[in-house]
Amino acid sequence: MDTIDRQLVLATQGGLPLVARPYARLAEQLGLSEADVMLRLQGLLDRGLIRRIGVVPNHYAIGWTANGMTVWNVPDDKVDELGGRVGALPFVTHCYRRPRALPAWPYNLFAMVHGSSREECSAKADDIRRLLGEDCLGNDVLYSTRILKKTGLRIGG
């Protein structure tokens with residue numbers, strides 16, 4: 001990572017500027033072109049120096065007061081295909097595979113859903129259960145009870 005990449009990471013680690021063209025704003029701050037900023041960010045992603053650029057919403061501030069991690073026990077030989085289908089649902093914000101921890105934890109597929117109530121989240125879990133059909137061997141919904149810090153690793157200046 002060169003000095004400019006480091007400056008770019010420092011300028012973005014607290015979030016992108018909340019303007020119509022955030023990369024142009026960063027470019028202005030760093031004395032680069034907008035295309036250079038985007039190219040450098042892509043390079044950081046390609047080299048694995050940053051993992052992703054994404055939105056981290058404050059769910060409570062946007063009215064999602066019920067946040068449920070739905071967990072599913074599905075056949076291991078189908079988990080990737082089923083995970084792709086579940087992750088494509090418009091109300092699933094993230095979906096991933098995790099190893100089982102038997103005998104206490106039989107679940108191998110996780111899908112986060114949000115809503116304004118637990119009933120709304122439960123209805124979304126029902127939609128996932130219908131999608132999984134006979135491949136649903138068991139499930140549960142784990143609801144958030146408090147807001148945890150939502151930041152990634154920070155580097156110093």
Side-chain angles (χ1 to χ4, degrees), residues 1-74 76 79-102 104-118 120-122 124-125 127-128 139-157:
M1 179 182 305
D2 66 17
T3 302
I4 295 172
D5 284 345
R6 184 174 180 82
Q7 290 173 340
L8 185 56
V9 170
L10 287 169
T12 58
Q13 67 184 357
L16 292 175
L18 295 176
V19 297
R21 296 182 60 199
Y23 301 115
R25 175 70 59 83
L26 289 169
E28 183 181 307
Q29 291 172 354
L30 299 172
L32 302 169
S33 71
E34 184 178 13
D36 285 341
V37 166
M38 295 172 75
L39 191 63
R40 282 183 172 274
L41 287 172
Q42 187 61 57
L44 292 168
L45 287 166
D46 292 345
R47 290 181 285 154
L49 296 173
I50 59 174
R51 193 169 47 166
R52 66 185 182 96
I53 298 171
V55 175
V56 182
N58 180 331
H59 300 109
Y60 288 88
I62 59 176
W64 289 348
T65 55
N67 304 293
M69 177 59 76
T70 64
V71 293
W72 305 90
N73 178 3
V74 299
D76 286 327
V79 68
D80 291 336
E81 183 262 331
L82 294 170
R85 292 173 56 199
V86 171
L89 293 170
F91 56 81
V92 171
T93 57
H94 49 285
C95 180
Y96 49 91
R97 178 184 190 173
R98 286 276 172 102
R100 302 171 196 276
L102 296 173
W105 189 257
Y107 307 111
N108 59 347
L109 181 64
F110 294 62
M112 191 72 192
V113 300
H114 306 275
S116 59
S117 67
R118 287 188 176 201
E120 185 179 344
C121 288
S122 180
K124 292 175 179 176
D127 288 345
I128 296 171
N139 73 289
D140 203 346
V141 181
L142 311 171
Y143 289 100
S144 301
T145 57
R146 62 189 169 131
I147 300 172
L148 301 174
K149 182 179 172 186
K150 293 179 146 189
T151 62
L153 178 67
R154 304 290 171 108
I155 61 173

Examine distances only and state if a side-chain atom of Asn108 and a backbone atom of Val74 form a donor-acceptor pair shorter than 3.5 Å. yes

Min side-chain heavy-atom separation Ser144-Met112 under 4.5 Å: yes

Just wondering, are more than 12 heavy atoms of other shown residues or ligands nearer than 6.0 Å to CZ in Arg100? yes

Using 4.0 Å as the upper bound for N to carboxylate O, is an ion pair formed by Arg85 and Asp80? no

Answer yes or no: is there a side-chain heavy-atom contact under 4.5 Å between Ile4 and Leu30? no

Should the pair Trp105 and Tyr107 be assigned to parallel (<30°), tilted (30 to 60°) or perpendicular (>60°) ring geometry? perpendicular

Between CZ of Arg51 and CG of Leu45, what distance do you get to the nearest 0.5 Å? 11.0 Å

Close side-chain approach of Ile128 to Val92, heavy-atom, < 4.5 Å: yes

Verify side-chain contact (heavy atoms from CB on, under 4.5 Å) between Val37 and Leu8, making sure each step is shown before the conclusion. CA-CA 8 Å; Val37 166; Leu8 185 56; 4.0 Å; yes

Heavy atoms of Ala27 and Glu34 approach each other most closely as CB-N, 3.5 Å

Within a radius of less than 6.0 Å around CD of Glu28, do more than 12 heavy atoms belonging to other residues, nucleotides or ligands occur? no

Value for CD (Gln7) from CG (Asp2), rounded to nearest 0.5 Å, stands at 9.0 Å

Side-chain contact test, heavy atoms from C-beta onward, threshold under 4.5 Å: evaluate it for Cys121 versus Tyr143 and give yes or no. yes

Starting from the C-alpha separation in whole Å, work towards a yes-or-no answer on side-chain contact (heavy atoms from CB on, under 4.5 Å) for Val9 and Ile155. CA-CA 8 Å; Val9 170; Ile155 61 173; 3.6 Å; yes

Does any part of the side chain of Thr65, heavy atoms only, come nearer than 4.5 Å to the side chain of Ser117, both counted from C-beta? no

Leu44 vs Met1, side-chain contact (heavy atoms from CB on, under 4.5 Å): CA-CA, chis, key distance, verdict: CA-CA 8 Å; Leu44 292 168; Met1 179 182 305; 4.3 Å; yes

Would you say Leu18 has more than 12 foreign heavy atoms packed within less than 6.0 Å of its CG? no

Mind checking whether His94 and His114 have parallel, tilted or perpendicular rings, split at 30° and 60°? tilted

Heavy-atom closest contact (Trp72 atom, Ala111 atom, distance): NE1-CB, 4.4 Å

Distance, nearest 0.5 Å, that separates CG of Asn139 from CG of Leu109: 10.5 Å

Tell me whether the count of non-hydrogen atoms from other residues, nucleotides or ligands lying under 6.0 Å of CZ in Arg47 goes above 12. yes

Minimum heavy-atom separation for Gly87 to Cys95, with atom names? CA-CB, 3.7 Å

Side-chain heavy atoms of Leu16 within contact of Ile53, under 4.5 Å: yes

If the threshold is 4.0 Å, N to carboxylate O, is there a salt bridge linking Asp46 and Arg40? no

Does Met69 reach the side chain of Val113, with side-chain heavy atoms less than 4.5 Å apart? no

Taking atom CD1 of Ile62 and atom OG of Ser116, what is their separation to the nearest 0.5 Å? 11.5 Å

Donor-acceptor contact present, side-chain Arg97 to main-chain Gly83, <3.5 Å: no

Give a yes or no on whether the backbone of Arg118 and the side-chain of Ser122 come within a donor-acceptor separation of less than 3.5 Å. no

Any donor-acceptor N/O pair, Thr70 side chain to Val141 backbone, under 3.5 Å: no

Using a 4.5 Å cut-off on heavy atoms from C-beta on, say whether the side chain of Tyr23 contacts that of Leu41. yes

Test side-chain contact (heavy atoms from CB on, under 4.5 Å) on Leu26 and Thr12 and set out the steps. CA-CA 8 Å; Leu26 289 169; Thr12 58; 3.4 Å; yes

